[in-house]
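Below is one structure, written out as structure tokens; comments come after it.
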Amino acid sequence: MAFRSGFVSILGRPNAGKSTLLNRIVGMKVAIVSDKPQTTRQMLQGVANREFPDGGAQIVFLDTPGIHKGDSRMNRRMMEEVEEALADRDLLLLVVDASAPFGPGDAYALEVVKRTKTPCFLVLNKVDLVDKPKLLPLLDRYNKMHDFAELVPISARTGNNVDHLVETIAKHLPEGPEYFPKGHVTDLPARFLAAEIIREKAILLTHQELPYSTAVIVDHYEQRGPILRLHALIFVEKEGQKGILIGAHGERLKTVATRAREEIEKIFNTRVYLEVFVKVRSGWRENGRFLEGLNWRNMVGGEDLPHASHEANENEESTQ
Ligand SMILES: Nc1nc2c(ncn2[C@@H]2O[C@H](COP(=O)(O)OP(=O)(O)OP(=O)(O)O)[C@@H](O)[C@H]2O)c(=O)[nH]1
Ligand SMILES: [Mg+2]
């Protein structure tokens, strides 16, 4: 029996449901999700293992930031992540929101995908929101615009037809090795996942420009016995935003922290002690060094985290 494996990038305009699809397929919350566009800022890996009657498959998925024209340094970096996800893949998935009318944003996302020679599936998402007859003209339209290898309607939210999508993906992959051990889902550092969950709760509880102006860094991560101790900084760009995020009597920040703690406890299967502070860092979206600090590639995730050396420095200071 053949074993198939390969690398598949999930692409599409912001808010199409790419991260919801990744989480649904790998069975774990690897990527945060919100109803605001530009939630995902970096490329995120999630691995799916499946057994089919004719053999097994391992699919390494890459979720990406929504394709858009943004002009801040952060937005440009997001699009660099998309470019990286286009290179050297076995297959691309263009995820489209079937409930939204076709617009310039969709045309632009399609343009990006058309630049590559890599086979591409059209994944028509959110079909739970649309009457079936309305799907046909949209499928027809996409069919005429590009030579898609497959067109698959799904609902990432309900899971409708997602198994079929995964099976179809597996059929398109070459025979190959198991790149990762069976239980491995993602190589994202735990510190990053914790920061992202905090950012998700902040996004969900704020509006207008605040979600775009928010960045989170977990600057202390320490498992002490049964308790995971986390210290996090939520960065915003303006003093007024800080006030909004904290809320009257600190209520909004308290809600963010409680919801984040509860979810981190569930996902990491441990008790969590979480402290959250809000800081103003004007122009962080243009600050290259700050953006490097947010990049999960520069974080370590497990026991040997930078805070160990940070504590050593503190000890040094106290002995002087
Ligand atoms: N009704 C419905 N909603 C969905 C479906 N898939 C995703 N959503 C919702 O669409 C919104 C955007 O989902 P995300 O998964 O964050 O979208 P994304 O493409 O990753 O967005 P960015 O990271 O901003 O590019 C969220 O509110 C999801 O709950 C679906 O199949 N049906
Ligand atoms: Mg996303």
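Counting starts at 1 for both ligands and their atoms, in listed order. Throughout, residue positions are numbered sequentially from 1 according to the sequence presented.
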Exercise for review: I would like to know whether K279 and K242 meet side-chain contact (heavy atoms from CB on, under 4.5 Å); could you show each step before the answer?
Suggested key: CA-CA 7 Å; K279 284 196 165 205; K242 179 176 172 177; over 6 Å; no

Nearest protein heavy atom to [atom], by residue and atom, and its distance?
atom	answer
atom 17 (O) of ligand 1	G17 N, 3.1 Å
atom 10 (O) of ligand 1	K126 NZ, 3.0 Å
atom 6 (N) of ligand 1	N125 ND2, 3.2 Å
atom 1 (N) of ligand 1	D128 OD2, 2.9 Å
atom 21 (O) of ligand 1	N15 N, 3.0 Å
atom 9 (C) of ligand 1	R157 NH2, 3.8 Å
atom 7 (C) of ligand 1	T20 OG1, 3.4 Å

**Study point:** Plane angle bin for F290 and W284 - parallel if under 30°, tilted between 30 and 60°, otherwise perpendicular
**Key:** tilted

What atoms in ligand 1 come closer than 4.0 Å to a heavy atom of [X]?
X	answer
S155	30 (C), 31 (O), 32 (N)
L129	1 (N)
G66	25 (O)
S34	11 (C), 12 (C), 13 (O), 16 (O), 26 (C), 27 (O)
Q38	24 (O)

**Study point:** Crowding at OH, Y108 (>12 non-hydrogen neighbours, <6.0 Å)
**Key:** yes

Revision key, fill the gap. Of K18, E200, R24, the one whose closest heavy atom lies nearest atom 25 (O) of ligand 1 is K18

**Study point:** Distance-only N or O hit between ligand 1 and V33, under 3.5 Å
**Key:** no

Is ligand 1 under 4.0 Å from a heavy atom in the side chain of [X], in the backbone, in both, or in neither?
X	value
P37	backbone
T40	both
D35	both

**Study point:** Positive for side chain to side chain donor-acceptor pair (under 3.5 Å) with S155, one of D128, N125, T20
**Key:** D128

Check your understanding: Among side-chain atoms of Q241 and S213, is any donor-acceptor pair under 3.5 angstrom?
Key -> yes

